[in-house]
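This structure is a prediction, so every number in the text was calculated from the model and none was measured. We count residues from 1, following the sequence as given. Counting convention: from 1, in listed order, for ligands and their atoms alike.
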Amino acid sequence: MFDSIKKIFNANQDEETPLVYGDKPDISRKKSAELYEKAKQYFPGGVNSPVRAFKSVYGTPLFIEKGDGCRLWDADGNEFIDFCCSWGPLILGHNHPKIREKVIEVMQNGMSFGAPTALETELAELIVKNNQFVEKLRFTSSGTEAVMSAIRLARGVTKRDKILKFEGCYHGHTDALLVKAGSGLVTFGETSSAGIPKSFADETIVVSLNDEKAVKAAFKEFKDQIACVIIEPVPANNGLLLQEKEFLQFLRKICDDNCSLLIFDEVISGFRVGFEGAAGFYDIKPDIITYGKIIGGGLPVGAYGASSGIMSFISPDGGVYQAGTLSGNPVAMAAGIAQLSELAKAGFYKDLNAKTEEFTESIQRYASSKNYKFKVFQIGSIFWFAFTDQEKIQRAEDIDASSMEKFKIMHRELLNRGVYLGPSGYEVGFVSSAHSKIDLEKAKRAIFESLDIVFKNK
Ligand SMILES: *Cc1c(COP(=O)(O)O)cnc(C)c1O
């Protein structure tokens with residue numbers, strides 16, 4: 001039984017994808033391919049996080065040897081302008097000297113103590129003093145952990161069990177949130193991973209993004225049972241599904257009216273669309289905010305924060321237990337302090353966002369001038385390439401899955417032209433402060449050429 005299931009899985013995964021060549025030879029992946037073969041002996045799929053395995057694009061994963069500024073070098077010596085930026089954390093680019101120096105300085109004194117250090121307070125102070133939406137924080141070691149703890153906190157505060165999430169939002173791999181919509185307006189989720197008890201999924205209600213009617217129906221059907229609504233205020237894990245501000249305001253209100261808590265999962269948007277994240281961008285105060293990615297400057301850090309009142313429910317002050325051996329790790333805190341200190345400087349976001357906008361607008365102008373069915377969605381320094389002619393895409397179900405074939409071609413053509421995007425058309429790209437205007441010009445040229453190839457048989 002098990003073997004036959006495995007066979008089906010492998011048959012799909014190992015299938016040779018036919019190559020559609022553009023006008024450039026494929027980059028050499030000889031060393032990467034060797035390293036991948038070896039890694040497969042030790043890790044499922046050869047990787048430690050599934051999307052890295054290049055299952056949605058051509059070829060084998062590139063093994064990275066070095067990053068500097070906006071550039072990456074792989075094991076075969078290929079050089080790329082990087083728009084993945086480690087999936088978001090590297091808003092200052094790779095190997096930023098200020099972060100590197102601070103990390104090395106702090107490391108001289110040891111790696112971890114399991115006792116408080118002043119560095120934790122320093123990072124917390126930097127955040128709270130520049131962010132009107134949180135008063136107290138707790139550091140964790142990943143975004144997943146931050147979200148998992150925020151959900152527990154919301155349940156602890158409200159003494160309710162159910163949570164409401166949106167189809168197309170990703171909140172890490174915690175059981176309660178690996179749940180997708182079933183059919184119907186308001187549904188209990190179906191688990192989106194094996195290994196999650198159905199009873200867990202039964203506590204998670206899943207509705208469509210940007211759908212007030214569905215949210216209202218859920219609150220009606222599960223009156224006084226919903227502990228919290230959790231949303232990525234800038235949904236950026238399944239395309240970039242920019243929401244109307246009014247929808248987020250509506251969530252704020254319906255949570256207030258029903259004594260439920262509103263959680264903004266800002267693991268991507270936090271310190272990205274501005275120092276105060278999406279809460280600041282939209283000027284909406286959630287009850288709990290989660291952070292990750294940028295907050296650790298490239299090292300593993302997550303955090304959740306709220307008012308002092310709500311945070312007083314967390315142990316040892318309150319009854320909601322949450323802990324971590326390496327939470328607030330001094331080396332990771334050092335990286336976070338160095339990175340956020342740069343972000344807190346006047347004009348940082350204005351410059352970065354303007355640079356990104358110029359970049360995405362000129363790509364859009366090019367695609368439109370050629371009548372390509374292609375749209376660049378952008379907010380702050382996040383962008384998403386979508387092969388669509390829809391003006392807005394605000395719900396997961398509005399993404400055309402068949403368009404991902406075009407992304408696949410684009411991805412390979414871009415690698416062949418020295419531009420690295422995350423290996424899936426559902427992933428967004430990031431511009432960092434290390435991307436100079438010249439780098440962006442170079443990348444643009446590669447993007448134009450790649451689009452021409454994608455659409456050449458149109
Ligand atoms: C990346 C991400 C997570 C998970 O964070 P990890 O550090 O990968 O565990 C959770 N929520 C959102 C919105 C994310 O983008």
Would you list the pairs meeting side-chain hydrogen bond (donor to acceptor under 3.5 Å, both in side chains) in which at least one residue belongs to residues 141-157, sequence neighbours left out?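 Those involving residues 141-157 do not exist here.
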
Before accepting this row, confirm whether a basic side-chain N of the pair Lys355/Asp351 lies closer than 4.0 Å to the acidic partner's carboxylate O.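 Here Lys355 does not pair with Asp351 in a salt bridge, since their nearest N and O are not under 4.0 Å apart.
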
Between the side chains of Lys98 and Glu101, is the shortest nitrogen-to-carboxylate-oxygen separation below 4.0 Å, so that they form an ion pair?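 No, this pair does not count.
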
Listing by chain and number, which residues have a heavy atom under 4.0 Å from ligand 1?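 Shell around ligand 1 (4.0 Å, heavy atoms): Ser142, Gly143, Thr144, Tyr170, His171, Gly172, Glu232, Asn237, Asp265, Val267, Ile268, Lys293.
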
Can the ring centres of His411 and Phe54 be said to be less than 6.0 Å apart?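 Centroid separation for His411 and Phe54: below 6.0 Å.
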
Could you give the side-chain donor-acceptor pairs of residues 62-72 under 3.5 Å, partners two or more places apart or in another chain?
| from | atom 1 | to | atom 2 | distance (Å) |
| --- | --- | --- | --- | --- |
| Arg71 | NE | Glu79 | OE2 | 2.8 |
| Arg71 | NH1 | Asp439 | OD1 | 3.0 |
| Arg71 | NH2 | Asp439 | OD1 | 3.1 |

Identify, with sequence neighbours excluded, every residue that meets side-chain hydrogen bond (donor to acceptor under 3.5 Å, both in side chains) alongside Gln394.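 For Gln394 the side-chain hydrogen bond (donor to acceptor under 3.5 Å, both in side chains) partners, ignoring immediate neighbours, are Asn210, Glu244.
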
